[in-house]
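Note sheet for the following structure.
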Amino acid sequence: MLFRSAEASAASRDLQTVQCTVALNYHVEPTGVGHLYQTVGSEYRFRVIDPAVHESLKVVTARYTAEDLIRLRDKVKAEVHTELVNRLRDYHVVVEPNGVSLTNFTFSQEFNSAIEQKQVAQQMAEKQKYILDQAKLEIGRAHV
C-alpha cells in the first residue's frame, strides 16, 4: 500500500476558498504496473495522482457551502473517495477502502471572522431572549 498526501485548494458552492489536506492510501494493480509506467512513467504520482486529488476535491467542494463542508465532512469524504476511484481506475491505481482522509479544512480569514461574528450575534440574541423571559416572569409574579 502506498500513501500520498497533498495540499489542495478549491471553492465551495458559496464561493469560499477552501484549503484542505487530502491523504490517500492506494496501490497499483500488479497487472497494470507495466501499462502505467509505459503510458505515464515513474512520475505517475505527480502526473496522475496529484491532479486527480486536486480535481476530485474541486468537483466535490463545489457542491457544498462552506458550512456544509464542515457539517457533512463524512459525506464529502465519501464523495471525494468515489471521484478518486473513478479518476484513477484507468491508470490501474486502486484507492484503498476508507483510503481517503480530509484534514485541516481552512477558510479565508474574512470567512472565519464572519462566522465568529455570526456566533457572537446568536449568543447575544439568546442572552437578550433570556433577559426578556426573566422580565416577563418578574412581571407575572408582580401581578399575582
**OP:** Kindly determine whether L102 and T21 satisfy side chain to side chain contact (heavy atoms under 4.5 Å, CB included), including the steps that lead there.
**Re:** CA-CA 6 Å; L102 305 178; T21 302; over 6 Å; no
Subject >> Heavy-atom side-chain proximity of E96 to V94 below 4.5 angstrom >> reply: no
Original post:
Taking side chain as C-beta onward, heavy atoms only, is V33 less than 4.5 Å from H92?
Top reply: no
**OP:** Could you list all the side chain to side chain donor-acceptor pair (under 3.5 Å) pairs where at least one residue sits in residues 121-133, not counting sequence neighbours?
**Re:** K129-D133
**OP:** Report the C-alpha separation of Q119 and M124 in whole Å, then their side-chain angles, then the decisive distance to 0.1 Å, and conclude whether the side chain to side chain contact (heavy atoms under 4.5 Å, CB included) test is met.
**Re:** CA-CA 9 Å; Q119 292 289 3; M124 289 299 292; over 6 Å; no
Subject >> Connected via hydrophobic side-chain network under 4.5 Å: Y44 and F46 >> reply: no
Original post:
Does any non-hydrogen side-chain atom of Y91 lie less than 4.5 Å from one of H35?
Top reply: no
Subject >> Smallest separation among heavy atoms of S42 and Y37, with atom names >> reply: CA-CE2, 3.4 Å
Original post:
Does the N25 side chain pair with the main chain of V95, one donor and one acceptor, at a distance under 3.5 Å?
Top reply: no
Subject >> C20 to L57 - nearest heavy-atom pair and separation >> reply: CB-CD2, 3.9 Å
Original post:
Got a second to check how far L36's CG is from R47's CZ, nearest 0.5 Å?
Top reply: 10.0 Å
**OP:** State, yes or no, whether a side-chain contact exists between R13 and R63 at a heavy-atom distance under 4.5 Å.
**Re:** no
Original post:
Taking side chain as C-beta onward, heavy atoms only, is F107 less than 4.5 Å from T17?
Top reply: no
Original post:
So, T106 versus N104: side-chain donor-acceptor pair below 3.5 Å or not?
Top reply: no
Original post:
Are any of the side-chain heavy atoms of I70 and T65 separated by less than 4.5 Å?
Top reply: no
Subject >> Gap separating the CD atom of Q16 from the OG1 atom of T61, nearest 0.5 angstrom >> reply: 12.0 Å
Original post:
Between R45 and D50, is there a side-chain N and carboxylate O pair less than 4.0 Å apart?
Top reply: no
Original post:
What pairs with R89 under salt bridge (charged side-chain N to carboxylate O under 4.0 Å, His left out), at least two apart in sequence or on another chain?
Top reply: none
**OP:** Could you tell me whether the side chain of Y64 reaches within less than 4.5 Å of the side chain of R71, counting heavy atoms only?
**Re:** no
Original post:
Does the side chain of R4 reach to within under 4.5 Å of the side chain of Y26, using non-hydrogen atoms?
Top reply: yes
Original post:
Should V59 and L69 be counted in the same cluster of Ile, Leu, Val, Met, Phe, Trp and Tyr side chains packed under 4.5 Å apart?
Top reply: no
Original post:
Between K58 and S9, what is the shortest heavy-atom contact and its length?
Top reply: CE-O, 3.3 Å
**OP:** Heavy atoms only: give me the nearest H81-V100 pair and the separation to one decimal.
**Re:** CD2-CG2, 3.6 Å
Original post:
If every non-hydrogen atom of R87 is compared with every non-hydrogen atom of S56, which pair is closest and at what distance?
Top reply: CD-OG, 3.2 Å
